[in-house]
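Since the structure comes first, as structure tokens, the remarks are kept for the end.
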Amino acid sequence: TVKKKYLFSYWGTEKRKDVDNVKSGDERHLILKDIQNGIGRYFTRFIGKFSTVKRDMKPTKGMRDLLPILNQTKFTLCFNWKDNKATTSRYHEALACGVIPMVYKDYDSTGILVKSNWQRVQTAEELFDKMVSSEYEKTFNEIHETYKETLLSKDQIYDIFEKKFLEIINDWYITRYT
């Protein structure tokens with residue numbers, strides 16, 4: 001049995017404002033606050049810049065500083081930023097550190113990475129219920145195995161890149177010389 005000190009960790013920022021310092025409409029600050037209030041400070045770690053939760057560590061530029069905490073964490077939560085079809089590095093980072101990546105609402109709505117609807121949560125309460133009722137090792141292994149099956153090979157990545165690159169070059173050539 002894997003022993004991990006923290007039930008939940010989150011690293012990054014709350015994305016309340018866009019780069020232009022305009023309110024973004026993102027609601028993760030509310031969810032993160034609910035998580036910290038519901039689970040308690042002893043079982044959570046928040047690393048980054050936040051206005052609604054008490055952080056445990058200032059923002060860091062590298063994963064090296066996060067690893068001691070992430071290696072002791074069972075769960076995290078991935079949020080969309082601007083596009084429900086998008087995925088984030090958090091999903092990959094979490095799995096690499098042995099952390100189960102749960103996802104908020106419509107994150108990765110096309111199902112590129114998220115194959116199990118069990119990972120989707122609508123509220124902090126639903127997240128908490130799933131975290132405490134799951135068997136960590138079994139759940140992590142299932143999600144990790146599915147994840148490994150969805151990854152593209154280097155050749156597949158190259159072929160996709162080559163095709164896209166040639167399309168761009170062809171479009172440029174046509175608009176310039178025809």
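Predicted model, so just to flag it, every value in this text is computed and none were measured. In what follows, residues are counted from 1 in the order of the sequence shown.
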Considering all heavy atoms, the nearest [X]-[Y] contact:
{"X": "T146", "Y": "K115", "value": "CG2-CG, 3.3 Å"}
{"X": "D56", "Y": "T44", "value": "OD2-O, 3.8 Å"}
{"X": "K130", "Y": "R120", "value": "NZ-O, 2.8 Å"}
{"X": "K4", "Y": "G98", "value": "NZ-O, 3.2 Å"}
{"X": "I143", "Y": "I100", "value": "CD1-CG2, 3.7 Å"}
{"X": "S9", "Y": "I69", "value": "OG-CG2, 3.6 Å"}

For residues [X] and [Y], determine if any side-chain heavy atom of one lies less than 4.5 Å from a side-chain heavy atom of the other.
{"X": "L77", "Y": "V121", "answer": "yes"}
{"X": "Y91", "Y": "T76", "answer": "no"}
{"X": "M63", "Y": "E93", "answer": "yes"}
{"X": "D106", "Y": "K85", "answer": "no"}
{"X": "K163", "Y": "L166", "answer": "no"}
{"X": "P101", "Y": "Y147", "answer": "no"}
{"X": "R45", "Y": "T73", "answer": "no"}
{"X": "F8", "Y": "L127", "answer": "yes"}

When hydrophobic residues are tied together by side-chain contacts of less than 4.5 Å, even through go-betweens, does [X] share a cluster with [Y]?
{"X": "V132", "Y": "F43", "result": "yes"}
{"X": "F79", "Y": "V114", "result": "yes"}
{"X": "V53", "Y": "M102", "result": "yes"}
{"X": "I39", "Y": "M57", "result": "no"}
{"X": "L70", "Y": "F140", "result": "no"}

Spacing of [X] atom [atom1] and [Y] atom [atom2] [to the nearest 0.5 Å]:
{"X": "E162", "Y": "E167", "atom1": "CD", "atom2": "CD", "value": "11.0 Å"}
{"X": "N71", "Y": "K5", "atom1": "CG", "atom2": "NZ", "value": "13.0 Å"}
{"X": "L113", "Y": "L95", "atom1": "CG", "atom2": "CG", "value": "8.5 Å"}
{"X": "K15", "Y": "L32", "atom1": "NZ", "atom2": "CG", "value": "10.5 Å"}
{"X": "E135", "Y": "E137", "atom1": "CD", "atom2": "CD", "value": "7.5 Å"}
{"X": "I31", "Y": "Q122", "atom1": "CD1", "atom2": "CD", "value": "9.5 Å"}

Can you check side-chain contact (heavy atoms from CB on, under 4.5 Å) on S51 and E14, steps first, answer last? CA-CA 8 Å; S51 63; E14 58 189 25; 2.6 Å; yes
For the residue pair F75 and Y136, does the interplanar ring angle fall in the parallel (under 30°), tilted (30 to 60°) or perpendicular (over 60°) class? perpendicular
For the residue pair F46 and F50, does the interplanar ring angle fall in the parallel (under 30°), tilted (30 to 60°) or perpendicular (over 60°) class?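 Plane angle over 60°, so perpendicular.
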Start with the C-alpha gap between K74 and M131, add the side-chain angles, then the distance that decides, and say whether side-chain contact (heavy atoms from CB on, under 4.5 Å) holds. CA-CA 8 Å; K74 289 184 178 182; M131 289 189 299; over 6 Å; no
Just checking, R90 and Y10: is the charged tip under 6.0 Å from the six-membered ring centre and within 45° of the axis?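 Geometry flag: set, cation within 6.0 Å and 45°.
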What do you reckon, is CD of E126 surrounded by more than 12 foreign heavy atoms closer than 6.0 Å? yes
Look at atom NZ of K33 and say whether more than 12 heavy atoms of other residues, nucleotides or ligands are closer to it than 6.0 Å. no
I'd like to know whether E27 forms a salt bridge (Lys or Arg N to Asp or Glu O under 4.0 Å) with K105, so could you lay out the CA-CA distance, the side-chain angles of the two residues, the decisive distance to 0.1 Å, and finally the verdict. CA-CA 11 Å; E27 56 189 32; K105 291 188 177 179; 3.1 Å; yes
Can a donor-acceptor pair be found between the side chains of Y104 and Q119 at a distance below 3.5 Å? no
Among N84, T87, N80, T88, which one satisfies side chain to side chain donor-acceptor pair (under 3.5 Å) with Y107?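 Considering N84, T87, N80, T88, a side chain to side chain donor-acceptor pair (under 3.5 Å) with Y107 is found only for T88.
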